[in-house]
Amino acid sequence: MIKGRDLFKIYGKGTVEVRALDGVSVQIDRGEFIGVMGASGSGKSTLLHLFGLLDRPTSGSLSIDGIDVGMLDERGRTLFRLQRLGYVFQDYALVPELTAEENVYLPSMVRGMTSRECSRVCGEILTLVGLRDRRHHFPGEMSGGEQQRVAIARALVNKPSIILADEPCANLDTQNSRNILELIKRLNKELGQTIVMVSHEEWHKKYFDRIIYMSDGKILTDDHQENGHLTEPV
């Protein structure tokens, strides 16, 4: 599903060189719910940006769905993101002038779906995340938890292979965070969705199948879990 080998991401040169990623190798299989954890500056968001084709590695190789994404030109990368990836941002990234439904079907419209098709698909997705009755509301008329569910629906609308979530609970209180994590876990199980989520909250660990801990641009540990308890890496 995702295979990265010897990934480096280096900013600056000489004495001001910063290795945001320092020789990371990782494999993520289809259907896994992965948590990427570590202190601020550990490289976890940089790794997610590479997975999301939002940035390129300085060196190393990365393949997703069997495709060497390093070989894609900018148009190819854009199409790959649109067709195969869904991204959930910590600040929701919704367009305030658009309703929940309109925010969700933007990616589908870019793919060329008709308004009728978009409306049908959006109704299904918003029902899945429990927001069908809020489909005509604007972001400013919804709570933070509802806005993040709209963002999750938008990430799902094109049926991507992988959902990438960058601290999706960072701006939510504990109860709304729990609701979002339980929703993401349910989607992972019911849809077989592969999910890679960056988090810094220790209590989030129980939701993940596997936890990748990062420090100073390297993978410190890569632990599998069973029923919320760590096991030895396979």
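- Using a distance-only test at 3.5 Å, with no hydrogens or angles considered, a donor-acceptor pair links the side chain of Asp209 to the main chain of Phe33.
- Considering only heavy atoms from C-beta on, Arg186 comes within 4.5 Å of Leu128 through its side chain.
- Within a 6.0 Å sphere centred on CG of Asp73, other residues, nucleotides and ligands contribute more than 12 heavy atoms.
- Residue Arg134 holds its CZ atom at 11.5 Å from CG of Leu126, rounded to the nearest 0.5 Å.
- Every residue meeting the ring pair (Phe, Tyr, Trp, His ring centres under 6.0 Å) condition with Tyr87, not counting sequence neighbours, appears here in chain and number order: Phe89.
- The salt bridge (Lys or Arg N to Asp or Glu O under 4.0 Å) check on Arg81 picks up nothing, with sequence neighbours excluded.
- For the pair Arg149 (side chain) and Leu183 (backbone), a donor-acceptor distance under 3.5 Å is absent.
- Taking CG of Leu85 as the reference point, atom CD1 of Ile162 lies at 5.5 Å (rounded to 0.5 Å).
- Residues Leu53 and Arg77 come closest through the heavy atom pair O-NH2, 3.4 Å.
- Closest heavy-atom contact between Arg132 and Gly123: NH1-O, 3.2 Å.
- Between Ser45 and Asp166, the shortest heavy-atom distance links the atoms OG-OD1, 3.3 Å.
- Going from atom OH of Tyr213 over to atom CD1 of Ile219 covers 13.0 Å, rounded to the nearest 0.5 Å.
- Side chains of Leu94 and Phe138 form no contact here, defined as non-hydrogen atoms less than 4.5 Å apart.
- Annotation for Lys185: atom NZ counts as buried by contact number, over 12 foreign heavy atoms lying within 6.0 Å.
- Taking Gln90 as the reference, nothing meets the side chain to side chain donor-acceptor pair (under 3.5 Å) condition, with sequence neighbours excluded.
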Derivation and outcome, side-chain contact (heavy atoms from CB on, under 4.5 Å), residues Met197 and Tyr207: CA-CA 11 Å; Met197 175 179 156; Tyr207 293 93; over 6 Å; no
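- Just one residue in the list Thr46, Leu21, Leu220 forms a side-chain contact (heavy atoms from CB on, under 4.5 Å) with Met214, and that residue is Leu21.
- Judged by distance alone, the side chain of Lys44 and the main-chain N or O of Gly38 form a donor-acceptor pair under 3.5 Å.
- Looking at Thr194, its side chain does come within 3.5 Å of a backbone N or O of Gly31 through a donor-acceptor pair.
- Residues Phe51 and Val26 form a side-chain contact, since some pair of their non-hydrogen atoms from C-beta on lies under 4.5 Å apart.
- Annotation: side chain of Asn179 is not in contact with side chain of Leu172 (no heavy-atom distance under 4.5 Å).
- Nearest approach of Met1 to Arg30, heavy atoms of both residues: CE-NH1, 2.9 Å.
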